[in-house]
There are 4 protein chains.
Amino acid sequence: MFIHAPSFTQRPRRRRSRVIATPRTDPNEKRRRILDAAVQVFAARGFYNARVSDIAKEAGVADGTIYLYFKNKDDLLISLFEDRMEVIIADFRRKLTGTDSARDQLRIFVETHLQMVADQPSLAEVLTVELRQSSKFMREYKAPKFQEYLGLLEEVVERGRQTGEFRRDLDPRITRRVLFGALDEVSLYWVSTRRKPYTLERAAKEILSICATGVFSAKELKP
Amino acid sequence: MFIHAPSFTQRPRRRRSRVIATPRTDPNEKRRRILDAAVQVFAARGFYNARVSDIAKEAGVADGTIYLYFKNKDDLLISLFEDRMEVIIADFRRKLTGTDSARDQLRIFVETHLQMVADQPSLAEVLTVELRQSSKFMREYKAPKFQEYLGLLEEVVERGRQTGEFRRDLDPRITRRVLFGALDEVSLYWVSTRRKPYTLERAAKEILSICATGVFSAKELKP
Amino acid sequence: MFIHAPSFTQRPRRRRSRVIATPRTDPNEKRRRILDAAVQVFAARGFYNARVSDIAKEAGVADGTIYLYFKNKDDLLISLFEDRMEVIIADFRRKLTGTDSARDQLRIFVETHLQMVADQPSLAEVLTVELRQSSKFMREYKAPKFQEYLGLLEEVVERGRQTGEFRRDLDPRITRRVLFGALDEVSLYWVSTRRKPYTLERAAKEILSICATGVFSAKELKP
Amino acid sequence: MFIHAPSFTQRPRRRRSRVIATPRTDPNEKRRRILDAAVQVFAARGFYNARVSDIAKEAGVADGTIYLYFKNKDDLLISLFEDRMEVIIADFRRKLTGTDSARDQLRIFVETHLQMVADQPSLAEVLTVELRQSSKFMREYKAPKFQEYLGLLEEVVERGRQTGEFRRDLDPRITRRVLFGALDEVSLYWVSTRRKPYTLERAAKEILSICATGVFSAKELKP
DNA sequence: GATGAATGAGCGTTCATTCAT
DNA sequence: GATGAATGAACGCTCATTCAT
């Protein structure tokens, strides 16, 4: 199920070339290149330690060019969030609409989340680590796309409660945080570890199992 | 059970005075004051946006004084981790030894964690947010005390598996991340929200409930 | 022969202007301006008391600009040495090749050295005073250009010994130090004194005379 | 004649001891210890890179104690000059009064100077290197003792001119600089080189020889 | 007198951002 | 649009000096 480190995650490394100058760049090809570079550089050094010029170099553009597409460094990170989350959320929506079963939807959610981590570890690292900072470094930024993402999860929980698949006494606001937290923490650990102690496929099963039926043994539940 | 925002988190604001200097401070009273100030300032502005002079001002000491107790700004954050986690871990150990039941231990763990969050929200914010960054900004720093904390959680899981209270098929490495992730995410949300949508007491019950028996409704488990 | 304090040593004082920015500066015109400014400021205040911002102001550039051309303050001093010594050495070489007589070469060397002092007193002050420190403040820096300068002097001595113009029993390693020391000390005194007690032309003759035939009166040499 | 690196130059390294506290310190035993330490530390690191606390540690006293004996760091260097030069000058005077011959006096001067360098290389390094800076870093300080030292040399030259031992046409102001420069440069090179390329005994002979009869070969003087 | 913890002015350096070309 | 040299505000850290003990 999970394919690790696909070619997708390999940055194109389009280096500056003084001879062959940008062959037929479409309107926001540059913008995309800059965002790709930002993902790599933020993942590698963290937002605060990343220099705008690092990103420019990685993207193969001049420093000033970044400011043609983004207001400032903060905006670069925010745009990165918005941009990538949009794609991710669309992907989730597409997959989730394939079934009416909340149990299946939960499975799909967990699997898709971890698949994204496997496919785009750098992006996962940025979203996982820097998103936390965001509420701090930009007081006004509310990460609407992240709210939307959590909203997806809440919808699944809500549906489960309504269909009776999930317990009725769950508080969806808390439950979504618990589920997201579990996913996020496992993801963070996975992307930041050199030697992976377990596959994400395995992690997906375990997370699902715990979230579905808990850690208590079945016999304990009987009496 | 949970007491919110105790006076502990209010900074004393002992300002410098040219007249009344050095009021017979015991050896590491200064060190403690600086660490307390660092917690507040890092929580309020984040590590990277916090200025060393902010912390000095908050602690009521001169900028240079901080460098008598800490090697540099990084060391201040690391020391803060080590220092506070040590106390927290000792507290956990003390409480966990009160029972042999893994189910009780899990409850105690969750409650103690959230109680800490309630008691020291600023500290919780720093530990929650900045710890993530730490692996990034200080490549060599391995956060040993955090490993120890996770170790406590793993011990509980391991015990539960051995006593039969918890499912035998759990992978303790993953399970501890799932449990910690749930706790951490709920904590992060709680400390970073102005209007608290639920009490931490409520959150503790919910987290425990989900982790213990999962989100699936009981009837679903029967067949 | 010796022309004192030419306009060369007067700094241009091109001040920053928010209106007329970057007046079509050729590639390393800025670099030259910064080095010129560094000579003035180091001469006026000494390396350690000179602030990088002083040099920037003197050069009419922003503080940060200096770091586009030099690694750091130390590098600025080292670069200054290398840069100026290169020109000086080339000048010496050119002049020395005009004759085969070691006696003439020695005269030319002394005159050229003191002429440089007269023409560029600030530079002379920096080279004279700060060069001594350099072996101290930058343990690794070996002042290769200074070695080359001493090498020139040694070549003259060596040639004199071979042509028989100079005494055969001279140790060139010591002799070059003696000659350089005499020149350097007179130069240092001259540049650091307000009211000049003698002209450098006079000093050149005296130094030559002493080095050529010594201080003993001729009659003493007879018996 | 020259004895290299005598025990004198080995610093006593009287380390602080919390048990045996300063056994019967005479009035300015501390002052002497501080000056000794300053010589070592200034020689090792240079005036500007030396920290007052380094000197205090080397002297085995508290940082603040230094300010009981010296006004500030500058004053420490000045006092060091005055103090040591006084002893050196007295030594020179004693030795120079032993003869009426200017030629002998010149020999004694050169030998005594280089003997001092051999005996107290650290002191020589400080006097040689930092003295140059002094006119720079302390505009007002005129190094009276250094003037006195040069005065000694001038007296020798003056006497030589009067007795007819030295050439009458010498300018004593310039000649003293030439002689001192030769001595100083050779000394500087000698103290700052690890592997000594020649003994100071040898250097003394060479310097004397050059200063006495010059570098020109005798036959050249005839016609 | 002696101590050394504390002070805080001062400075080297970085890097996000601008703007003339 | 694209560039990248230039800018200068900002800040971490040092260390000479002070002064309560």
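Chain naming here is simple, since letters A, B, ... match the order of the sequence lines and numbering starts at 1 in each.
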Task: d(OH, C:Tyr48; P, F:dT14) in whole Å - done: 16 Å
Open item on the list: Go nucleotide by nucleotide along DNA chain F from the 5' end; which of D:Tyr67 and A:Thr65 gets its closest nucleotide reached first?
Closed with: A:Thr65
- [ ] By nearest nucleotide on DNA chain F, pick out whichever of C:Leu68 and B:Lys71 is the more 5' one.
- [x] C:Leu68
Open item on the list: So D:Ile55 and D:Val61, do their side chains get closer than 4.5 Å, heavy atoms only?
Closed with: no
Task: Residues A:Arg51 and A:Asp63 bridged, charged N to O under 4.0 Å - done: no
- [ ] For A:Gly64 and for D:Asp63, find the nucleotide of DNA chain E with the closest heavy atom, then tell me which residue's nucleotide is more 5'.
- [x] D:Asp63
TODO: Rounded to the nearest angstrom, tell me the gap between atom CG in B:Asn72 and atom C1' in F:dT14.
DONE: 13 Å
- [ ] Specify the residue among C:Ala50 and B:Ile66 whose closest nucleotide of DNA chain E lies further upstream toward the 5′ end.
- [x] B:Ile66
Open item on the list: Can you tell me the base-pairing partner of F:dT21? Count Watson-Crick or G-U wobble geometry only, both distances below 3.5 Å, and say none if there is no partner.
Closed with: E:dA2
Open item on the list: Closer than 4.0 angstrom, basic N to acidic O: yes or no for A:Arg84 and A:Asp36?
Closed with: yes
Task: Side-chain N,O (D:Tyr69) to OP1/OP2 (E:dG1) below 4.0 Å - done: no
TODO: Indicate the ring-plane relationship of C:Tyr48 and D:Tyr48, choosing parallel, tilted or perpendicular according to the 30° and 60° boundaries.
DONE: parallel
